[in-house]
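Worksheet for the structure shown next.
Residue numbers begin at 1 in each chain, while the letters A, B, ... track the order of the sequences. Computed from a predicted structure; not experimentally measured.
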Protein chains: 2
Amino acid sequence: MPIIKKATGRTGSSEDALTERGVRFTRQRKILLDLIDKTGDHLDAERLYQMAKATDPKLNRVTVYRTLKLLKEGGLVDELDLMHQAGEQHFYETRRKQEHAHVICLSCGKVEEFFGEPLQKLRRQIESHFGFEIVLARTEVGGYCSHCQAMRAREMREAAEALAVPVKPVVPVRKPVARKKSTPAQ
Amino acid sequence: MPIIKKATGRTGSSEDALTERGVRFTRQRKILLDLIDKTGDHLDAERLYQMAKATDPKLNRVTVYRTLKLLKEGGLVDELDLMHQAGEQHFYETRRKQEHAHVICLSCGKVEEFFGEPLQKLRRQIESHFGFEIVLARTEVGGYCSHCQAMRAREMREAAEALAVPVKPVVPVRKPVARKKSTPAQ
DNA sequence: GTTAGTGCAAACCTTTTGCAGCTCT
DNA sequence: AGAGCTGCAAAAGGTTTGCACTAAC
């Protein structure tokens, strides 16, 4: 398997990061890298595939997976799970200099990014504590954003009133994952 | 879907944690909860299934998944990805009072746990920064343990000597996931 | 002209679902 | 008795692989 050179200088685009060591910067890879780079969002493979098809209708889903694997191994993109909020797929973002945590609202799905010194401190402590060489780190936090907290409180109150029982906190339930159902003869 | 009561007291076993709110503490669930509780390891669904079958050969894989989902939603167990070091499966551990990070060696697969104040500080900062209500948090760190660092250094030196080229650091490559292959007519 | 990359189809692993029958309480 | 749970079979979602062909260097 080819190994791609880690981005060291980043003179301009990410193009410089590839090329060395026999890795080819093909049309397909250019499209995909551009998409990941330019979209601020966290995209998953399927969405990336759909977007890439707009530019190149012949581009195959498999190429998306292979490219993502390459970029991931080369340290150009990071893979996220986002707490599996929407299923088992992975999400991708271009690797940034500054490490950050992802904060996911389990109700509305909004993702916030948190930068802060505890992350650096954590990293240093783990390295010195275990003599560990960190290659990648990922911290994800799931819960409820301020907006959804208010909404949930209201819903809970209304439900309680409707049932005429005293309000009692309930363990939060993750929204059921929207699985695509087969539509048997609609 | 039934909701199970969060463990509040934990007087002895985890049994008290269930029972309320119509959730039944069945033989199968007892077996599985015991396994997760007593094994220090991080088990995935398949391994858990195999181990449970030793006690109850009729226990079905589906029951494992359903039980894990229940325990997860009830906050009794935490789900880990362990950096997908071994594939796409999830790993489980009983929820502990003290939050901790998982440190995974990408070479030998060893998992260490790190407790430390940066984790608490991170949590507090995220809560106050976003007004976020944290339900669960997960931080995973991948890299090389001290043992494997030495090993990799040696291997690299040897490879370099064999090729008679100057030593040059290489981007670490994740070990290929061991996929079960179909054995077409051996 | 080589070597690496692509597309296609088919496999693969992990997890979920539908439903009839069983079992706790 | 009845809600809740289990097992079974079958499906789904997401990802990977084998192979012949194509494109980048």
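- Both A:Arg61 and A:Arg66 sit near DNA chain D, but only A:Arg61 has its closest nucleotide nearer the 5' end.
- Test A:Leu71, A:Leu136, A:Val77, A:Leu76 against A:Arg95 for side-chain contact (heavy atoms from CB on, under 4.5 Å) and you get one pass: A:Leu136.
- The NZ atom of A:Lys30 sits 19 Å away from the P atom of C:dA4 (whole-angstrom rounding).
- The nearest whole Å value for the distance from the NZ atom in B:Lys53 to the C1' atom in D:dC8 is 14 Å.
- Of the two residues near DNA chain C, A:Val62 and A:Thr67, the one whose nearest nucleotide lies more 5' is A:Thr67.
- Distance NE2 (A:His84) to P (D:dG14): 12 Å, rounded to an integer number of Å.
- Remark: of the listed residues A:His42, A:Arg47, A:Glu79, A:Glu79 is the sole one forming a side-chain hydrogen bond (donor to acceptor under 3.5 Å, both in side chains) with A:Tyr92.
- A:Glu140 places a side-chain N or O within donor-acceptor distance of the main-chain N or O of A:Met83, the cut-off being under 3.5 Å.
- Here the C1' atom of nucleotide C:dT15 and the CD atom of A:Gln89 are 13 Å apart, to the nearest Å.
- Checked by atom type and distance alone, the side chain of B:Gln85 pairs as donor or acceptor with a backbone atom of B:Leu106 at under 3.5 Å.
- In this structure, B:Lys72 atom NZ and C:dT14 atom C1' are separated by 12 Å, rounded to whole Å.
- Scanning atom types as modelled, one donor and one acceptor separated by under 3.5 angstrom connect the side chain of B:Arg24 and the base of D:dA3.
- When the P atom of C:dT6 is taken as reference, atom OH of A:Tyr49 falls 14 Å away, rounded to whole Å.
- Rounded to an integer number of Å, the gap from CG of B:Leu48 to P of C:dT15 is 11 Å.
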